[in-house]
Amino acid sequence: MTHRRHRFGAALAVFAAAVAAWLPVTSAQAADGPVVHIRLQDDALGLPLPPDTDDPAMVNWGLYNDGPGTAEDVTVSADLSNVIDWVTTDAPVPADHVYTWPARDVPAGEAAGSLIGLSAKPGTPLGTTGTVALSGTSANSTVVSTTAQVTVGTTDLRVNRLAAREGDRPGSTIDTPVTISNVGTLPADGVRLRMRTTVGLAYAQHYSNCVYSKESADAYGLTEQALCTFDTVVEPGKSYRLDRPVGLDVTDQALFEYFSHEALPLSGAAPSSSGSGPALSLVAAGDATTDGTPIDRQHIDADNTADMVAGGATAEGAPGDLVHVRVSLGNAGPGWVGYNASDDQPALLVTVPTGTRAEEIPAHCSVWNDEAKSGTGEQTPGAPQYICQSSPNEFAVGDTRTFEFGLRIRANAATSTGAARATTAYGNTMAFDHTHGNDTAAVRVEVEGGSTATPSTSASPSATAAAGTGGNSPRTQTVSGSGGSGSLAATGGSGTAPVAAACGAAALLLGGGLLLLVRRRHRA
């Protein structure tokens with residue numbers, strides 16, 4: 001059996017994520033060995049008509065072995081006899097219409113499977129449906145079978161695109177229209193509309209046919225989801241709209257927000273509603289639009305601020321001692337900070353007191369490269385400055401992330417003062433922060449018996465560089481490992497200095513290792 005390698009790899013990657021999220025509640029353990037489940041990426045397949053033989057629908061399966069131990073000589077077969085009269089496959093199928101993959105051993109846990117592509121034969125009536133049965137055998141275990149439903153034709157639901165917004169103030173309400181179009185060839189017998197908002201937005205009205213829940217949806221952080229169910233038949237080629245706009249309240253902590261929505265064909269039993277008040281409904285809105293999208297994410301930048309606060313520290317010791325200082329970066333509000341259109345995330349630039357040498361560097365900090373205006377990704381001891389950035393990068397109001405450095409007091413050192421400065425990963429000013437008196441805090445090491453030395457260089461990326469342009473331009477960055485939490489009061493000096501615009505890619509260390517993860521955030 002041959003398959004296109006790129007399609008095989010991509011499909012298995014999607015399947016692996018789905019299996020990882022599935023945890024069996026109980027183990028249907030066989031008396032004489034493990035139990036192996038055949039799991040489908042999608043148990044309902046729509047075959048386009050006219051057929052797309054270059055990109056057929058995939059019966060994509062994997063395995064999950066409940067254990068204990070390894071399931072030996074596992075074979076999986078796909079019985080195509082129920083659909084073989086009106087489909088073609090991308091692999092030769094035996095005369096009995098049962099395709100069998102080679103036997104192999106399957107250790108406990110999830111395991112990759114395989115796939116077989118199906119296309120509808122030209123002239124097959126829309127709506128023709130059948131099943132592909134997957135079953136298996138094993139030398140020492142039970143293999144649990146499953147079935148994929150195959151239908152000629154597709155239901156393809158799209159939602160309207162919403163323009164980005166700026167300037168909505170806390171206390172206001174945004175009226176958001178939602179439209180659903182079916183650009184497929186089969187009707188959807190009911191629809192589920194999934195809407196999500198970030199934490200700075202709230203639904204102005206709850207509806208009786210919607211289920212509301214808090215969830216961590218994606219890289220943009222915690223969201224409130226509304227899952228609304230409609231029994232309206234959405235015909236192919238037609239568009240439908242909600243009978244009223246979705247109201248979104250802009251809360252006091254709103255800053256960088258989004259609202260997303262997507263429509264899914266209704267399948268299975270409707271969830272129990274947790275809403276109250278009236279019911280939302282869908283009303284006809286003419287022909288389906290061609291400029292829709294499967295999921296839309298509207299970015300909403302509120303007219304609000306957040307105060308990022310640097311926390312300093314003081315330590316005391318004698319020459320030769322290793323002392324520890326815990327510096328911090330926190331958010332005093334009123335807005336929460338979760339960039340959803342930028343890689344230039346909040347960071348803390350630490351200038352080491354001149355009378356000391358940094359020997360222990362936190363896993364989420366790296367050497368600051370003043371020329372490149374970014375972290376180097378290295379934790380080399382002895383550098384004059386380090387840039388620290390935690391993961392996750394979001395800061396709720398009141399959040400504080402701490403970074404502990406181990407500093408060796410040099411011989412003949414005098415008491416000296418460095419600094420911790422709230423900035424961004426590229427040394428830019430955070431445009432949303434309008435309170436600068438607490439941007440910088442002292443990092444002081446008092447040396448027993450020593451005099452007071454001239455303070456270290458201020459914790460600004462460059463004393464001569466041009467001022468930065470704000471922290472909202474999309475860039476490439478490296479995301480660090482999780483930072484600590486806790487509160488540290490800011491101490492030492494205040495005031496601001498111009499900072500340089502970023503001109504390089506950041507590379508901060510991930511966790512305690514030297515693996516760099518480059519991630520670009522961009523608008524959907």
By side chain to side chain contact (heavy atoms under 4.5 Å, CB included) - contacts of Thr124 (at least two apart): Trp86, Lys121, Thr128, Val152
Glu262 side chain near Ile180 side chain, heavy-atom distance below 4.5 Å: no
Just verifying a value: how many Å separate Cys228 SG and Tyr207 OH, rounded to the nearest 0.5 Å? 9.0 Å
I need the Leu126 CG to Leu186 CG distance, nearest 0.5 Å. 5.5 Å
Name all pairs fulfilling the salt bridge (Lys or Arg N to Asp or Glu O under 4.0 Å) condition that reach into residues 145-158, sequence neighbours left out, sorted by first residue then second. Asp156-Arg158
Can you confirm whether Gln298 sits close enough to Arg165 that some side-chain heavy atom of one is under 4.5 Å from a side-chain heavy atom of the other? yes
Regarding Asp296 and Arg161, does a basic nitrogen lie under 4.0 Å from an acidic carboxylate oxygen? no
If I compare all heavy atoms of Asp303 with all of Pro170, which pair ends up nearest, and what's the gap? O-CD, 3.5 Å
Among all residues two or more places apart in sequence or in another chain, which pass the side chain to side chain contact (heavy atoms under 4.5 Å, CB included) test with Asp243? Leu280, Ser281, Val283
Anything under 3.5 Å between a donor and an acceptor, one on a side chain of residues 248-257, the other on a protein residue two or more places apart or in another chain? List them.
unit_1: Asp249; atom_1: OD1; unit_2: Thr173; atom_2: OG1; d: 2.7
unit_1: Thr251; atom_1: OG1; unit_2: Gly200; atom_2: O; d: 2.9
unit_1: Thr251; atom_1: OG1; unit_2: Gln253; atom_2: N; d: 3.4
unit_1: Glu257; atom_1: OE1; unit_2: Thr198; atom_2: OG1; d: 2.6
unit_1: Glu257; atom_1: OE1; unit_2: Gly200; atom_2: N; d: 3.0
unit_1: Glu257; atom_1: OE1; unit_2: Trp336; atom_2: NE1; d: 3.3
unit_1: Glu257; atom_1: OE2; unit_2: Leu255; atom_2: N; d: 2.8
unit_1: Glu257; atom_1: OE2; unit_2: Trp336; atom_2: NE1; d: 2.6

Return the set of residues passing side chain to side chain donor-acceptor pair (under 3.5 Å) with Thr232 (not counting sequence neighbours), or none when no residue passes. none
Taking the six-membered ring for Trp, is the centroid-to-centroid distance between Tyr339 and Phe432 below 6.0 Å? yes
What closest approach, in Å, do Tyr64 and Arg39 show between heavy atoms, and which atom pair accounts for it? CB-CG, 4.4 Å
Given side chains that start at C-beta, do those of Asn182 and Pro236 come closer than 4.5 Å, heavy atoms only? yes
Can you find a pair of side-chain heavy atoms, one from Leu49 and one from Thr185, that are under 4.5 Å apart? no
Residues which pass ring pair (Phe, Tyr, Trp, His ring centres under 6.0 Å) with Phe395, listed by chain and number, not counting sequence neighbours: none
List the residues meeting side chain to side chain contact (heavy atoms under 4.5 Å, CB included) with Pro94, not counting sequence neighbours, and say none if there are none. Asp96, Tyr99
How far apart are the closest heavy atoms of Thr70 and Pro107, and which atoms are they? OG1-CA, 3.8 Å
Would you say Leu115 and Val59 make side-chain contact, with heavy atoms under 4.5 Å? no
Does NZ or CZ of Arg297 fall inside the cone over Tyr258's six-membered ring, less than 6.0 Å from its centre and within 45° of the axis? yes
What are the two closest heavy atoms between Trp101 and Thr75, and how far apart are they? O-CB, 4.1 Å
Which heavy atom of Leu118 sits nearest to which heavy atom of Leu80, and what is that distance? CD2-CD2, 4.3 Å
If you define the side chain from C-beta out and look only at heavy atoms, does anything of Pro122 sit under 4.5 Å from Pro50? no
Check whether the side chains of His97 and Asp79 place a donor and an acceptor atom closer than 3.5 Å, and report yes or no. no
Is any side-chain heavy atom of Ile300 closer than 4.5 Å to a side-chain heavy atom of Leu201? yes
Go through the side-chain N and O atoms of Asn331 and Asp399 and say whether any donor and acceptor fall under 3.5 Å apart. no
Tell me which pairs pass salt bridge (Lys or Arg N to Asp or Glu O under 4.0 Å) where either residue lies in residues 227-238, with sequence neighbours left out. Lys238-Asp287
All heavy atoms of Thr289 vs all of Val183, minimum pair found to be O-CG1, 3.6 Å
Testing the 3.5 Å rule here: is there a donor-acceptor pair between the side chains of Ser135 and Ser145? no
Residue list, side chain to side chain contact (heavy atoms under 4.5 Å, CB included) with Asp307, at least two apart or on another chain: Val309, Ala332, Asp433, Thr435, Asn438
Taking only residues two or more places apart in sequence, or in another chain, which ones meet Phe230 in a ring pair (Phe, Tyr, Trp, His ring centres under 6.0 Å)? none
Residues that Asp105 engages under salt bridge (Lys or Arg N to Asp or Glu O under 4.0 Å), provided they are two or more places apart: none
Under the rule for side chain to side chain donor-acceptor pair (under 3.5 Å), what residues qualify as partners of Gln205, not counting sequence neighbours? none
